[in-house]
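As structure tokens, the structure follows; a few thoughts come after it.
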Protein chains: 2
Amino acid sequence: MKLKEFARQLGLSPTTVSRALSGYPEVSEKTRKRVAEEAVRLGYRPNINAVRLVTGRAGAIGVVMGRTGEFHFAEYMSGMAERLDGEDIDILVSPTADRDLTDEVALYSRLATSGRVDAVIVHSPKPNDERIALLHELGFPFLVHGRSETDVPHAWLDIDNEGAIRRATSHLIDLGHRRIAMINGRAGRTFSLHRDKGYRDALQERGIPFDPRLVAHDHFTDELGFRYARSFLEQSPRPTAFVAGSMMTALGIYRAVRSRGLVVGRDVSVIAHDDVFPYLTADNMVPSLSATRSSMRAAGGRSADLVLQLLGGRAAEEIHELWPVELILRESTGPAPTDAQP
Amino acid sequence: MKLKEFARQLGLSPTTVSRALSGYPEVSEKTRKRVAEEAVRLGYRPNINAVRLVTGRAGAIGVVMGRTGEFHFAEYMSGMAERLDGEDIDILVSPTADRDLTDEVALYSRLATSGRVDAVIVHSPKPNDERIALLHELGFPFLVHGRSETDVPHAWLDIDNEGAIRRATSHLIDLGHRRIAMINGRAGRTFSLHRDKGYRDALQERGIPFDPRLVAHDHFTDELGFRYARSFLEQSPRPTAFVAGSMMTALGIYRAVRSRGLVVGRDVSVIAHDDVFPYLTADNMVPSLSATRSSMRAAGGRSADLVLQLLGGRAAEEIHELWPVELILRESTGPAPTDAQP
DNA sequence: CAAAAAATTTAAAACGATTTGGTTGATGCA
DNA sequence: TGCATCAACCAAATCGTTTTAAATTTTTTG
């Protein structure tokens with residue numbers, strides 16, 4: 001059913017009907033109610049594509065999905081989707097080439113100028129992120145999930161990675177650990193740098209020298225967690241504690257520790273960052289995993305919220321949200337062994 | 001830049017330009033080439049929403065995302081996205097209420113009639129799935145990922161769950177196992193039923209009685225894997241082997257086995273289904289996990305392909321694809337222990 | 001009660017493409 | 001040459017809304 005036909009059945013003009021449904025003030029309350037009721041009864045719904053054309057709005061938020069299939073991505077998106085339920089806004093997923101950054105910048109450029117989305121979300125930014133510069137230049141609305149030092153105003157939502165890892169590391173030092181390894185995220189990303197900083201600051205505060213041989217930067221997979229942990233544990237003296245970037249990494253570390261005949265929580269302490277997954281929980285690991293925790297799903301939901309505000313006219317420079325991260329101690333952390341030299 | 005303006009600069013009519021860009025035959029090769037080049041040079045691109053309005057096509061495929069944040073979802077979508085790169089088709093994600101099925105049917109109905117998507121994908125169907133009946137009734141294009149017995153013609157892509165689990169179970173029987181537990185997916189879904197059938201048939205073939213106390217149906221999480229495995233292992237005689245629905249479930253089972261002081265691959269054999277994740281690999285587990293394997297990412301890519309064919313006019317009843325599943329034996333399976341009664 | 005102001009409603013003009021139904025001019029054929 | 005055919009191009013209608021500017025009706029005011 002089209003607007004024209006629907007309006008005719010109501011004995012009104014298309015104009016009035018359109019306004020009634022969009023909630024404009026210059027329509028009497030009585031008429032509005034009648035229109036709303038009849039719309040439901042007769043099943044009239046505006047053609048979305050006509051609306052998009054005339055308003056210039058796409059009714060969608062763009063998300064670029066890395067080819068490496070990050071597992072936390074689904075949680076984030078699910079949180080977004082949940083929040084967007086009821087709003088008339090969709091989520092649009094674009095694949096990324098994921099090779100060099102040029103490709104990705106081109107992708108964002110296409111996405112922004114394609115008219116398919118009203119805003120995009122930038123994930124895992126770098127301190128100096130070309131995507132952010134580009135989007136700003138295009139004057140296209142976007143929210144950064146993470147942070148960047150790019151010197152243009154932009155909206156962002158991030159968790160306190162630095163503080164979380166500083167506290168985690170400090171705690172390990174308090175427990176007597178001196179050789180603390182860190183398996184961090186991909187090099188160059190701001191969140192990795194923040195975690196690096198938290199780690200190094202904690203060491204420095206207590207006068208423990210930083211040893212680059214105890215630090216790795218890479219994707220979050222159990223295999224890489226295992227490999228790095230294995231190789232670190234071969235050092236002499238070996239590390240007595242690990243700080244890890246993800247649950248998957250932690251799984252790898254647990255395996256590596258076991259494979260050396262050592263025991264997590266006694267010989268080697270582990271703290272990992274937990275994005276809170278319904279299918280893999282830190283509490284259930286054996287031994288239960290001490291973690292810095294922040295819900296990816298909640299971040300997704302809040303991101304959707306903030307994008308909505310951005311589209312509603314709120315200034316990007318006003319939208320900065322830094323979430324604290326919990327540190328939850330469980331069995332995987334314990335006092336440093338006194339016989340750390342095997 | 002709009003079509004009219006762009007056409008004027010070329011000294012052509014909008015009609016010809018539009019046709020040149022869309023590859024219609026009634027434009028000379030010379031003109032087409034010139035138009036294409038100038039479009040790039042001057043940066044002309046058709047307004048997507050105008051195209052959508054006039055053609056009635058949305059240029060997007062809809063995917064409904066469960067609230068439970070299934071981890072394999074990201075892989076599937078990433079595969080789709082990869083395949084759709086280059087095509088002018090987006091992926092649109094809708095959240096699902098995930099409560100009762102009525103809500104979900106309503107969601108599919110809204111999605112199909114909203115004009116936002118040209119086709120949708122139905123995940124984890126039931127044998128008699130209302131969503132399929134609805135979409136068929138609406139005459140809306142859709143692809144089922146999985147299978148259903150719903151008696152309307154529909155396109156589907158599925159893996160051979162039944163065969164995979166039958167072979168896995170048979171193999172365990174060959175190894176001498178007699179009490180084989182099964183931690184399956186959510187009850188009622190076709191894939192779970194197929195796996196049940198494969199399991200039961202394998203038992204029956206060898207004259208092993210089916211024991212309902214050794215079977216569970218639930219979500220794929222490590223916690224549930226652990227809990228069910230724990231409780232099964234408390235039985236006497238306890239099971240000597242597990243068939244599990246997912247990698248996460250397998251993680252839970254490994255923990256449960258260890259927590260009883262038993263050893264996977266010696267005291268208890270485990271085979272799980274592996275959707276092939278970059279961040280968690282069966283080969284890297286300790287002991288390495290025997291698995292029935294089929295790539296979710298590949299399924300996503302092929303799904304995108306098939307939807308494209310469907311939209312291209314291929315009949316839904318012609319599109320049926322059943323993928324074989326590999327059985328990969330590793331260290332987690334071994335001969336049944338002779339001293340199975342502790 | 002008439003004029004002014006306010007509240008409703010409407011006709012028609014966008015929005016920016018595709019597509020229908022021609023119109024040209026060149027070529028082929030008798 | 002004359003006529004039909006064909007390749008190449010174009011003017012105008014169309015998709016289904018929203019929105020601008022104007023017309024109508026109703027209410028208020030002096």
Side-chain angles (χ1 to χ4, degrees), chain A residues 1-36 38-40 42-60 88-90 110 112-118 311, chain B residues 1-40 42-60 88-90 112-118 311:
Chain A
M1 162 122 28
K2 302 166 191 177
L3 173 59
K4 218 165 135 186
E5 162 70 7
F6 177 55
R8 185 145 37 85
Q9 294 208 18
L10 285 175
L12 287 170
S13 73
T15 310
T16 304
V17 171
S18 169
R19 290 192 154 142
L21 291 175
S22 313
Y24 278 65
E26 54 270 80
V27 164
S28 75
E29 202 45 57
K30 202 177 68 187
T31 310
R32 179 196 320 293
K33 203 170 155 230
R34 186 162 72 97
V35 171
E38 290 294 285
V40 171
L42 298 175
Y44 168 73
R45 272 166 45 199
N47 178 305
I48 184 86
N49 291 323
V51 174
R52 284 170 167 167
L53 172 57
V54 72
T55 61
R57 271 177 260 122
D88 216 34
I89 305 263
D90 306 314
R110 274 213 310 279
T113 56
S114 71
R116 290 176 217 274
V117 295
D118 297 316
L311 294 176
Chain B
M1 160 117 33
K2 302 165 191 176
L3 172 60
K4 218 166 135 186
E5 162 70 5
F6 177 56
R8 186 145 36 85
Q9 296 208 19
L10 284 175
L12 288 170
S13 74
T15 309
T16 304
V17 172
S18 170
R19 291 198 153 139
L21 291 175
S22 312
Y24 278 66
E26 51 272 82
V27 165
S28 75
E29 202 44 58
K30 201 177 67 186
T31 311
R32 179 194 321 291
K33 202 170 157 230
R34 186 164 71 97
V35 171
E37 280 167 3
E38 289 295 284
V40 171
L42 298 175
Y44 168 73
R45 272 165 47 201
N47 178 305
I48 182 85
N49 291 323
V51 174
R52 285 170 166 165
L53 172 57
V54 71
T55 62
R57 271 177 260 122
D88 216 35
I89 305 263
D90 306 314
T113 57
S114 70
R116 290 177 217 275
V117 296
D118 297 317
L311 293 176

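Note: hydrogens, waters and symmetry copies are ignored here, and every other heavy atom, side chains too, is used. Reminder, nothing fancy here: chain letters follow the sequence lines and each chain counts from 1.
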Could you run down the sub-3.5 Å N/O contacts of the protein with nucleotides 17-19 of chain C?
{"residue": "dA17(C)", "atom": "OP1", "partner": "Tyr44(B)", "partner atom": "OH", "Å": "3.3"}
{"residue": "dA17(C)", "atom": "OP1", "partner": "Asn47(B)", "partner atom": "N", "Å": "2.7"}
{"residue": "dA17(C)", "atom": "OP2", "partner": "Leu3(B)", "partner atom": "N", "Å": "2.4"}
{"residue": "dA17(C)", "atom": "O5'", "partner": "Tyr44(B)", "partner atom": "OH", "Å": "3.3"}
{"residue": "dT18(C)", "atom": "OP2", "partner": "Ser18(B)", "partner atom": "OG", "Å": "2.3"}
{"residue": "dT19(C)", "atom": "OP2", "partner": "Tyr24(B)", "partner atom": "OH", "Å": "2.8"}
{"residue": "dT19(C)", "atom": "O4", "partner": "Thr15(B)", "partner atom": "OG1", "Å": "3.2"}

Taking all heavy atoms of [X] and all of [Y], pick out the closest pair and write down the distance.
{"X": "Asn49(B)", "Y": "Asn47(B)", "value": "N-OD1, 2.8 Å"}
{"X": "Leu21(A)", "Y": "Ala39(A)", "value": "CD2-CB, 4.2 Å"}
{"X": "Val35(A)", "Y": "Phe6(A)", "value": "O-CZ, 3.9 Å"}
{"X": "Pro14(A)", "Y": "Ala7(A)", "value": "N-CB, 3.7 Å"}

Inset, instruction - Looking at every strand, decide which applies to Thr16(A) at a 4.0 Å heavy-atom threshold: base, sugar-phosphate, or nothing. - result: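 Base contact.
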Inset, instruction - Under 4.0 Å between any heavy atoms, over every strand shown, what does Gly11(B) touch: base, sugar-phosphate, or nothing? Just pick one. - result: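 Contact class for Gly11(B): sugar-phosphate only.
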Inset, instruction - Test side-chain contact (heavy atoms from CB on, under 4.5 Å) on Arg57(A) and Leu311(A) and set out the steps. - result: CA-CA 10 Å; Arg57(A) 271 177 260 122; Leu311(A) 294 176; over 6 Å; no
Inset, instruction - Could I get the full list of salt bridge (Lys or Arg N to Asp or Glu O under 4.0 Å) partners for Arg52(A), not counting sequence neighbours? - result: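 With sequence neighbours excluded, Arg52(A) shows a salt bridge (Lys or Arg N to Asp or Glu O under 4.0 Å) to Asp90(A), given in chain and number order.
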Legend entry - Axis deviation across the helix from dC1(C)-dG30(D) to dA30(C)-dT1(D), five-pair ends, to the nearest 10°: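 Inter-axis angle at the termini of the helix from dC1(C)-dG30(D) to dA30(C)-dT1(D): 40°.
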Legend entry - Nearest-Å distance for atom pair NZ/P, residues Lys30(A) and dT8(C):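 Taking atom P of dT8(C) as the reference, NZ of Lys30(A) is at 10 Å.
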Return a table of donor-acceptor pairs under 3.5 angstrom between the side chains of residues 22-30 of chain B and protein atoms on other chains or two or more places apart.
{"residue": "Ser22(B)", "atom": "OG", "partner": "Ser18(B)", "partner atom": "O", "Å": "2.8"}
{"residue": "Ser28(B)", "atom": "OG", "partner": "Thr31(B)", "partner atom": "N", "Å": "3.2"}
{"residue": "Ser28(B)", "atom": "OG", "partner": "Thr31(B)", "partner atom": "OG1", "Å": "2.6"}

Legend entry - Euclidean distance, Thr113(B) OG1 relative to Arg45(A) CZ, rounded to 0.5 Å: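 Arg45(A) CZ to Thr113(B) OG1: 4.0 Å, rounded to 0.5 Å.
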Legend entry - Euclidean distance, Thr16(A) OG1 relative to Leu10(A) CG, rounded to 0.5 Å: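 That separation rounds to 10.0 Å.
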Legend entry - Positive for side-chain contact (heavy atoms from CB on, under 4.5 Å) with Leu53(B), one of Val54(A), Leu53(A), Val51(A), Ile48(A):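 Filter result, single survivor: Leu53(A).
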Show the distances under 3.5 angstrom between N or O atoms of the protein and N or O atoms of nucleotides 24-26 of chain C.
none

Legend entry - Outermost DNA chain D nucleotides near chain A [under 4.0 Å, heavy atoms]: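 Range of nucleotides within reach of chain A: dG16(D) to dA21(D).
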Legend entry - side-chain contact (heavy atoms from CB on, under 4.5 Å) between Arg116(B) and Asp88(A), worked out: CA-CA 11 Å; Arg116(B) 290 177 217 275; Asp88(A) 216 34; 2.7 Å; yes
Legend entry - Which residue lies more 5' along DNA chain D, comparing Leu53(B) with Leu12(B) via nearest heavy atoms: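 So the residue in question is Leu12(B).
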